[in-house]
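Structure first, then comments.
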Amino acid sequence: MRFDAIVVGAGFSGMYMLHRLRGLGLSVRVFEAGDGVGGTWYWNRYPGARCDVESMEYSFSFDRELEQEWEWSERYASQPEILRYAEHVADRFDLRRDITFGTRVTGAAYDEADHLWRVETDGGERVAARRLITAVGCLSAARVPDFPGASTFGGASLHTGRWPHEGVDFSGLRVAVIGTGSSGIQSIPVIADQAEHVTVFQRTPNFSVPAHNRPLTPEYQNQVKADYPDLRRQMRESMTGLLGAAGTVPALEVTQEERTREFEARWARGGIPFLGAFTDIAIDPRANELAAEFVRGKIREIVSDARTAELLMPRDHPIGSKRICVDTGYFATYNRPDVTLVDVRSDPIEEITPTGVRTAAAHHEVDVIVYATGFDAMTGPLLGLGITGRGGLSLKRKWEAGPRTYLGLMSAGFPNLFTITGPGSPSVLSNMIVSIEQHVDWIADCVAWLHERGVAAIDADPQAEKNWTAHVDEVSRFTLYPQANSWYMGANIPGKPRVFMPYVGGVGAYRLKCDQVAADGYEGFLLSS
Ligand code: NA7
């Protein structure tokens, strides 16, 4: 079978990509590993899973009726609600008929003679298309650390990003949670409410701000909906794709009282915009430390046991250099008598036994192990597709020392392969949906332009790619981001190259750059008929 385009993934990016390409009159086939749409929100069904971006901002803007008709029930939508939204989008635009579910792409090779991508799936299907578009997400390759004895564990072992669809009842069970990133921080309070006992194995404490989640009133929703054109424009032009009043003054230029007042106001408001309090938090270590110390002070206030509070205070990375967590009752959970914190830096996990987790100092008997241990981020899902470009060069080989892209959209030597939210783009530092819409629109416009002109192949110019990759790296060095052992840096995966993968220049500036490149006839890209 031959299509104009193949899209890999039916999360928000794959669904919107399909919709746009169909609008161009192209034939499209989408392959999706899951049995339904939704991507991240299909897989991450762990208790407490919730978006860290406010629901009125975390939604598609491309269709006015969709935007106006959908009603969110809470300030921060839960996973089931976002999945319902994804399903609603699939129904509304009749997307499912072009999606093959339960099917993984296992190989994609570029055929230079015909300018075609030849794609294979685990279902044995072989299809071809001129354009191949990856919509595989940045956090979809779940990672479980290689603890000795893990396979001998007699109870259930669950990864937050591969959660059983039927849910898990923790009543009466002793539960180990390994990992205190966003998934751990969201799930621990909810699991603790159910389980007999929760033991949290923490390697690195994380900064987290309260969500102050609440139901949304119809009045509030109507007001936002009426203002959507202006609000969406602000989001697109902003640094992060989020609303929430970016500060205008540096923390170091105001008095301590003013600083505290601003931090308190932002803490009371809740959410990621806490980091926008002052203009220098992401770039000046002294300003950053002031924000970090404010949050440590809150942890000290909330957590009754001083030693536990101390263990929960992040000290090894600047605040915001790992994506800040947004929680509901996380720190207070440690005041419960049925929750224990184990610091695996001082007391490392040595092995998993048939009945629990053995650290250097103790054996913790548990019935269930929850791995909240994250993902092989950004490059993991792409490299898992088995992509081979011109001259038989594999993407894995090309990216051995770290990803190299032009604008995060293409990688030289892989003509007609577009990556939605790829490394080198601001996606993971932003409101994902804002970034997804921008990438999909850019790719759809590019594909339309190529078709109109009969251009068979588009590829990144190696020099343009080199310049962009150097620019991504250079801009990151103006910030404190590279100081953290984060998944942005590939630091959570043993052996992965340490490269700061996302573009920190901001979604607004990035959009202007991408638009300019297109307006200049796809400057930095090589076209061949
Ligand atoms: P994260 O943020 O990568 O968190 C994974 C957590 O698991 C983190 O605390 C890790 O500690 C911990 N981890 C990983 N490997 C181990 C081992 N071997 N031993 C102990 N602890 C370990 O993933 P999430 O799923 O929570 O969140 C991903 C993103 O989703 C998040 O940033 C939001 O954008 C939404 P570490 O910090 O590496 O020391």
Side-chain angles (χ1 to χ4, degrees), residues 11 39-41 43-46 48-53 58 76 79 82 137-150 158-163 176-188 199-209 211 240-242 271-272 275 311-312 314-317 320-327 330 341-352 357-360 364 369-378 380-381 421 426-433 435 481 484-496 498 501-502:
T40 287
W41 305 105
W43 297 103
N44 286 267
R45 298 172 187 236
Y46 61 83
R50 211 172 267 291
C51 191
D52 60 5
V53 173
Y58 191 80
Y76 291 97
Q79 173 271 330
I82 304 174
C138 299
L139 296 163
S140 50
R143 184 182 168 267
V144 175
D146 199 8
F147 294 120
L158 309 165
H159 188 282
T160 49
R162 291 285 176 274
W163 205 257
V177 181
I178 304 177
T180 50
S182 182
S183 304
I185 283 178
Q186 288 189 336
S187 60
I188 288 163
T199 308
V200 178
F201 295 86
Q202 171 189 270
R203 185 163 71 181
T204 314
N206 246 314
F207 289 102
S208 189
V209 290
T240 58
L242 296 163
I272 295 176
L275 293 172
L311 287 176
L312 288 166
R315 296 197 185 276
D316 80 321
H317 63 278
S321 60
K322 291 182 170 186
R323 186 157 174 135
I324 197 161
C325 302
V326 179
D327 73 275
Y330 174 65
L341 180 63
V342 176
D343 168 36
V344 306
R345 279 214 198 269
S346 60
D347 181 16
I349 297 175
E350 292 191 335
E351 61 168 343
I352 308 290
V357 181
R358 186 185 307 285
T359 61
H364 303 267
I369 301 177
V370 173
Y371 290 96
T373 44
F375 301 87
D376 183 355
M378 305 197 77
T421 66
S427 57
V428 289
L429 301 177
S430 73
N431 176 349
M432 223 8 152
I433 297 218
S435 285
Y481 279 106
N485 286 325
S486 63
W487 54 257
Y488 299 141
M489 290 291 290
N492 63 327
I493 304 293
K496 191 167 172 172
R498 294 260 174 145
M501 295 185 281

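Below, all heavy atoms of this structure are taken into account, side chains as well, without hydrogens, waters or symmetry copies. Atoms within a ligand are numbered from 1 in the order they appear, just like the ligands themselves.
- Asp347 meets the side chain to side chain contact (heavy atoms under 4.5 Å, CB included) test with Val342, Thr359, Ala360, Ala361; sequence neighbours excluded.
- Not one N or O of Asp52 is nearer than 3.5 Å to an N or O of ligand 1, by distance alone.
- Of the protein's non-hydrogen atoms, Arg203 NH2, 3.6 Å is the one closest to atom 14 (C) of ligand 1.
- The shortest contact between atom 5 (C) of ligand 1 and any protein heavy atom is with Ala372 O, 3.3 Å.
- Taking only nitrogen or oxygen atoms, main chain and side chain alike, Thr204 reaches within less than 3.5 Å of ligand 1.
- Using a 4.0 Å cut-off between charged nitrogen and carboxylate oxygen, Arg358 and Glu350 do not count as a salt-bridge pair.
- Across Ser183, Ser486, Gly181, heavy-atom proximity to atom 24 (P) of ligand 1 is greatest for Ser183.
- Minimum interatomic distance between Asn44 and Gln79 (heavy atoms only, all atoms of both residues): O-CG, 3.2 Å.
- With Lys496 contributing its side chain and Ala377 its backbone, the two residues share a donor-acceptor pair below 3.5 Å.
- Of all atoms in ligand 1, numbered sequentially from 1 with element shown, those under 4.0 Å from a heavy atom of Gly374 are 3 (O), 5 (C), 23 (O), 25 (O).
- With values rounded to the nearest 0.5 angstrom, Thr180 atom OG1 is found 6.5 Å from Ile188 atom CD1.
- The closest approach between Thr180 and ligand 1 falls below 4.0 Å for a heavy atom of the residue.
- Less than 4.0 angstrom separates some heavy atom of Pro145 from each of these atoms of ligand 1: 15 (N), 16 (C), 17 (C), 18 (N).
- With respect to atom 37 (O) of ligand 1, the closest heavy atom belonging to the protein is Lys322 NZ, 3.0 Å.
- Looking only at protein heavy atoms, the nearest one to atom 29 (C) of ligand 1 is Leu139 CD1, 3.6 Å.
- In this structure, Trp487 is part of the shell of residues with a heavy atom less than 4.0 angstrom from ligand 1.
- Listed by atom number, the atoms of ligand 1 under 4.0 Å from Gly179 heavy atoms are 6 (C), 7 (O), 9 (O), 12 (C).
- Checking only distances, Asn206 never comes within under 3.5 Å of ligand 1, N or O to N or O.
- The protein atom (non-hydrogen) at minimum distance from atom 34 (O) of ligand 1 is Arg323 CD, 3.1 Å.
- Close contacts of ligand 1 with Phe147, meaning ligand atoms under 4.0 Å from a residue heavy atom, involve 17 (C), 18 (N), 19 (N).
- Checked by distance only, ligand 1 and Asn492 stay at 3.5 Å or farther apart across all their nitrogen or oxygen atoms.
- Atoms of ligand 1 lying under 4.0 Å from at least one heavy atom of Ser182, given by number and element, are 26 (O), 27 (O), 31 (C), 33 (C).
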